[in-house]
Amino acid sequence: MATPKFDSVSTNGEDKRPDPVRVNGGDGNLSYNKNSCYQRLSLNVVREKMVDAITRELEVKKLSSTSNTIRLADMGCAVGPNTVITMQDIMQVIKNKYQSECPDSKTPEFQIFFNDKSSNDFNTLFSCIPEDRKYFAAAVPGSFHNRLFPEASLHFVHSAYALHWLSGMPEEMKDENSPAFNRGRVHYSSAPEEVENAYASQFDKDFDNFLNARAQEIVSGGMAVFIVPGIPDGMPCSHLTNSIMYELMGDIFMDLAKEGLIREAQVDSFNLPIYSPYPEQIGQLVETNGHFMLETIELTDPTSCYKGKIDIKMWTQHVRAAMDGMFLKYFEVGIVDEMFDRLVQRLFEVSELVNSTQKDKTLMLVVLMRK
């Protein structure tokens, strides 16, 4: 293994480079384009419930009476076919409902916006969009925690596997003297209560900012559907399948520090900006925000559409495709390679525990209506 280089990371672990956190672009072996089928399978689990919510709650006839174009947006679209397939499915459901309710009227046109950070590989994304599409497509770069669209311009907003990403780590977690300083770990799983509270507080702020931005952009009567990794009320985060992986990541990085391959200060200052909310927490946040009516919130088993044990190598590769940029912000590529190599071995060692937790209901579907 190459000797790690630290000139791109300051001695106190604070990275001065622009934020590169995004899924892997392109079409290589570690690209998100080739490593996101698990997410697609999970989306299929909630597809029928999402279609039912649109069919029951979205007043398409009323929305189209004020606009000749129905506008949809996918927030945190990433790259690859998942976002394209999902948004085309949603568009077709809305179109079918309009044609059944208004058979003698002209079907409105559709426009689909694909949003993600400006560093997202939109070129690869748009290569997945069919040339004979029946809608207008556009990319909208920027953070979905801020305003992205004109006032009252959207009729439907979708977000899948995106809202659990925090906009940044809480300031108190950057202070070595703070009880929330997450020494020797990379996540809040099995961490002191102060660490989990800091994560939860940051998620609450982010989600409220997200709702406030969407409240200005979505028309009255419009719909927002979110699919996010969640956790049953009362369950400790450490019981989640993903948490097993996150804790092993922390252990491996600490082993690498003990071996002198990285500095322990790097591990202490690195935290995965990922938080799994509780249904009760989401409900309270929506109620406090006040701009939306909560129509649906439920947890389901994300693995219910496929059988058998977790393919640990494939799972790990999927995780790396989504998180590579985060790790490479703090660690040299050789260190990241070594961490993932060791991670696969460690996960095989605890495979019984991993497979015993995979059927938990940890995929949250949230349906909101704009007041």
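The analysis underlying the following values was restricted to heavy atoms, covering all of them including side chains, and did not include hydrogens, waters or symmetry mates.
- Of the candidates N355, T303, T357, T241 forms a side-chain hydrogen bond (donor to acceptor under 3.5 Å, both in side chains) with just one, namely T357.
- The aromatic rings of Y161 and H164 sit perpendicular, their planes meeting at an angle over 60°, well past the 30° parallel limit.
- Side chain to side chain, H145 and N209 fail the donor-acceptor criterion of an N or O pair below 3.5 Å.
- By the 6.0 Å contact criterion, CD on E352 is open, its count of non-hydrogen atoms from other residues, nucleotides or ligands being 12 or less.
- Screening L248, D268, I262 against F253 for a side chain to side chain contact (heavy atoms under 4.5 Å, CB included) leaves a single residue, I262.
- With sequence neighbours excluded, the residues satisfying salt bridge (Lys or Arg N to Asp or Glu O under 4.0 Å) with D337 are R320.
- Shown here are the salt bridge (Lys or Arg N to Asp or Glu O under 4.0 Å) partners of E217, two or more places apart in sequence or in another chain: R147, R214.
- Residue pairs satisfying the salt bridge (Lys or Arg N to Asp or Glu O under 4.0 Å) criterion with at least one member in residues 279-299, sequence neighbours excluded, are listed as follows: K49-E298.
- The neighbour count for K134 NZ, taken as heavy atoms of other residues, nucleotides or ligands under 6.0 Å away, does not exceed 12.
- Heavy-atom neighbours of F348 CZ from other residues, nucleotides or ligands within 6.0 Å: above the threshold of 12.
- Within a 6.0 Å sphere centred on CD of E101, heavy atoms belonging to other residues, nucleotides or ligands number more than 12.
- Q99 CD: more than 12 foreign heavy atoms inside a 6.0 Å radius.
- For K95, the NZ atom sits in a packed shell: over 12 heavy atoms of surrounding residues, nucleotides or ligands are nearer than 6.0 Å.
- The six-membered or imidazole ring of Y199 lies near that of H187, with a centre-to-centre distance under 6.0 Å.
- Distance CG/L353 to NE2/H239: 9.5 Å, rounded to 0.5 Å.
- Within a 6.0 Å radius of CD in E57, other residues, nucleotides and ligands contribute more than 12 heavy atoms.
- The OG1 atom of T86 sits 6.0 Å away from atom CE of M50, with the distance rounded to the nearest 0.5 Å.
- Side-chain rings of F210 and F144 approach one another, their centers coming within less than 6.0 Å.
- Counting non-hydrogen atoms of other residues, nucleotides and ligands closer than 6.0 Å to NZ of K97 gives a total above 12.
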